Amino acid sequence: MLRGICRICDMPPKKRARGRPAKSAEATPDQVTEETEIRRKKTQKSKSAGKEGADRDAPVGKAAYCHWLMKSEPESRFENGVDVKFGIEDLKALPNQTGCWDGVRNYQARNFMRDMKVQQLAFFYHSNCKEPGIAGLMKIIKEAYVDHTQFDRSDAHYDASSKPENPKWYMVDVRFERMTKRFLPLAELKKYHLQHKAEGGALGSLALFTRARLSVQPLSAEEFDFVLSLEDRDPI
DNA sequence: GCCAACGTTGGC
DNA sequence: GCCAACGTTGGC
């Protein structure tokens, strides 16, 4: 599902007391997430899922990711009558080259966004387009806060099931950092992935391939460094 | 446009 | 809590 139309959203985070609203029987977003995670583990014992669910204040001792890949669609496509196009050039064109990464409607992706810290770097990945791949880098400049587009009926990613008293979806703010020295095509990353899976190497379990549908994904430092090193290498 | 993979929903 | 049906993602 990726993100939607980007705007500058520097509205006050609306700090809501996240805590026991002593609410109905309805599952909280975090509970739903945990269930989803558990199911995922049962059905496909994937490992590097990262930290799960629940808490954004990472418990000590859990490996914390600090590099990311975020997908967005650089070509026009209409969802609920709204164009969701948002490529790296669109981010670059915004005031301060800064925007909010709204529209994420998947619990795992949301949880990864809530793990993000200011100053961390993320790859800007172009998906669902002619040439999928990594186009550039951006920096996280504001940690997760409520994605207001979930309440907006006219938004491509309006979610009628989410209530302001208990929002489901979050977003972060990002700033364009730079283009990669060359575009890093998915096909090339995949070649390395397959090679590394067979013979060992940094990209052997890259989430881009092991969890292909996740629109916000973590990379280990080793994965991140290897991918970045490709910009100085000849395409294969 | 096709369709495989996988996340979500809801009946039981 | 299982699981079939359904919906979405995203490469090709």
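So you know, we letter chains A, B, ... as the sequences are listed, proteins then strands, and number each from 1. Being a predicted model, the structure only gives us computed values, none of them experimental.
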Mind checking if A:Y125 touches a base, just sugar-phosphate, or nothing, with heavy atoms under 4.0 Å? sugar-phosphate
Rounded off to whole Å, could you give me the CG-to-P distance for the A:N128 and B:dA4 pair? 17 Å
A:R110 CZ to B:dT8 C1', straight-line distance once rounded to whole Å: 14 Å
What integer distance in Å separates A:R211:CZ from B:dA5:P? 17 Å
Would you mind telling me which of C:dG11, C:dG10, B:dG7 lies closest to the side-chain atoms of A:K71? C:dG10
Take atom NE2 of A:H193 and atom P of C:dG11, then tell me their distance rounded to the nearest Å. 14 Å
Using a heavy-atom cut-off of 4.0 Å across all strands, would you classify A:K130 as base, sugar-phosphate, or nothing? nothing
Distance-only check: which donor-acceptor pairs under 3.5 Å involve side-chain atoms of residues 184-191 of chain A, not counting sequence neighbours?
unit_1 : atom_1 : unit_2 : atom_2 : d
A:E188 : OE1    : A:R182 : NH1    : 3.0
A:E188 : OE2    : A:R182 : NH2    : 2.7
A:K191 : NZ     : A:I236 : O      : 3.1

Out of C:dG10, B:dT8, C:dG11, which nucleotide sits closest to the side chain of A:Y107? B:dT8
Aromatic centroids of A:Y107 and A:W169 separated by under 6.0 Å: yes
Matching residue for A:E75 among A:H126, A:K130, A:E131, A:K85 - test: side chain to side chain contact (heavy atoms under 4.5 Å, CB included): A:K130
With rounding to the nearest 0.5 angstrom, report the NZ to CG distance, A:K168 to A:D159. 5.0 Å
Using atom CG of A:L208 as one end and atom P of C:dG10 as the other, report the distance to the nearest whole Å. 10 Å
With the side chain defined as heavy atoms from C-beta on, A:P132 is closest, among B:dG7, C:dG11, C:dG10, to C:dG11
Value in whole Å for how far the C1' atom of C:dG11 lies from CG of A:L194: 14 Å
Nearest-Å distance for atom pair CZ/P, residues A:R77 and C:dG10: 9 Å
A:Q217 CD to B:dG7 P, in whole Å, measures 12 Å
With sequence neighbours left out, which residue pairs that include part of residues 225-236 of chain A fulfil the side chain to side chain donor-acceptor pair (under 3.5 Å) condition? A:R178-A:E231, A:K181-A:D232
Report the nucleotide, chosen from C:dC12, B:dG7, C:dG10, that has the shortest atom-to-atom distance to any side-chain atom of A:L186. C:dC12
